[in-house]
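Just below is one structure, and these are the notes that go with it.
All values below come from the heavy atoms of this structure, side chains included, with hydrogens, waters and symmetry mates left out.
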Amino acid sequence: MRRFVWLGAGDGPAWMRGGSFQVARRIRMLLETWDRTSLEDQERTIGRHKYSGAALGERGEFDPLDLDAETDGEPTIPADSHVRLASPQENDGQRILRRGYSFTGGVDESLGSMDALNEYVKHVGSAVFAVPPGARPGAYVGETLLG
């Protein structure tokens, strides 16, 4: 948690030390397009086997990603796959701690601009929240900024 969630000295403005950031991104899955795509293309887009959840080339869902593995001279986990682009190995060791939530607003028709998954999703909103450190006894949340 200290390494990936809470800001320490030198991680940002002093008033955020001990706080965190939250990024919310709302996407709409383009199900008609996704469902017409072959199983192989779906797996290459995500970088995982659909039924086991294992990374391509692996057997178990929680096996580590082998981003150096090749199949027929090409990366086993494609360069534009979702799991590769979101992996700490591709992001200078930074982890994206995330939780997906399903919601329905009706079904209708980068991580960045290079994510193969972008063909099947539509970004409809996002926000970044600064969450200041908690209050100490006798203090208040945000005192490091306002106090």
For [Y], does its backbone N or O pair with a side-chain atom of [X] as donor and acceptor, under 3.5 Å?
X   : Y    : result
N91 : P88  : no
S20 : V131 : no
Q22 : F129 : no
T45 : D41  : yes
D35 : E32  : no

- Task: Heavy atoms only: give me the nearest K50-E43 pair and the separation to one decimal.
- Result: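 Reported closest heavy-atom pair: N-OE2, 3.0 Å.
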- Full working for side-chain contact (heavy atoms from CB on, under 4.5 Å) between R28 and V121: CA-CA 5 Å; R28 175 171 285 129; V121 299; over 6 Å; no
So, do [X] and [Y] sit near enough that their side-chain heavy atoms are less than 4.5 Å apart?
X    : Y    : result
S126 : V23  : no
R26  : V124 : yes
I77  : S87  : no
D80  : D115 : no

Cluster link [X] to [Y], ILVMFWY, side chain under 4.5 Å:
X   : Y    : value
W15 : V5   : no
M16 : V141 : no
M1  : F4   : yes

- Partners of W34 by ring-ring contact (aromatic ring centres under 6.0 Å, His included), sequence neighbours excluded?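 Checked W34 against ring-ring contact (aromatic ring centres under 6.0 Å, His included); matches are Y120.
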- Item | Residue pair R17, D11: steps toward the side-chain contact (heavy atoms from CB on, under 4.5 Å) verdict | CA-CA 8 Å; R17 196 163 299 132; D11 288 335; over 6 Å; no
- Task: Output the distance between atom CZ (R59) and atom OG (S52), rounded to the nearest 0.5 Å.
- Result: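 It is 9.0 Å, given to the nearest 0.5 Å.
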- Nearest-0.5 Å distance that lies between atom CZ in R95 and atom CZ in R3: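 Here the rounded value is 7.0 Å.
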Give every donor-acceptor pair under 3.5 Å between a side-chain atom in residues 65-72 and any protein atom, sequence neighbours left out.
from, atom 1, to, atom 2, distance (Å)
D66, OD1, D68, N, 3.2
D66, OD1, A69, N, 3.2
T71, OG1, T76, OG1, 2.8

- Message: Evaluate V83 against R48 for side-chain contact (heavy atoms from CB on, under 4.5 Å), listing each step before the verdict.
- Response: CA-CA 8 Å; V83 298; R48 291 189 175 277; 3.6 Å; yes
- Query: Charged N to carboxylate O below 4.0 Å: is that the case for R84 and E90?
  - Reply: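 Salt bridge: yes.
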- Between H123 and R25, does a side-chain contact (heavy atoms from CB on, under 4.5 Å) hold up when you go through it step by step? CA-CA 8 Å; H123 178 251; R25 183 172 186 229; 3.2 Å; yes
- Report, as yes or no, whether the 6.0 Å neighbourhood of atom CZ on R44 holds more than 12 heavy atoms from other residues, nucleotides or ligands.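 No, the 6.0 Å shell around CZ holds no more than 12 heavy atoms from other groups.
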- Task: Quick one: which residue pairs count as a salt bridge (Lys or Arg N to Asp or Glu O under 4.0 Å) with a foot in residues 126-139, not counting sequence neighbours?
- Result: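 Those involving residues 126-139 do not exist here.
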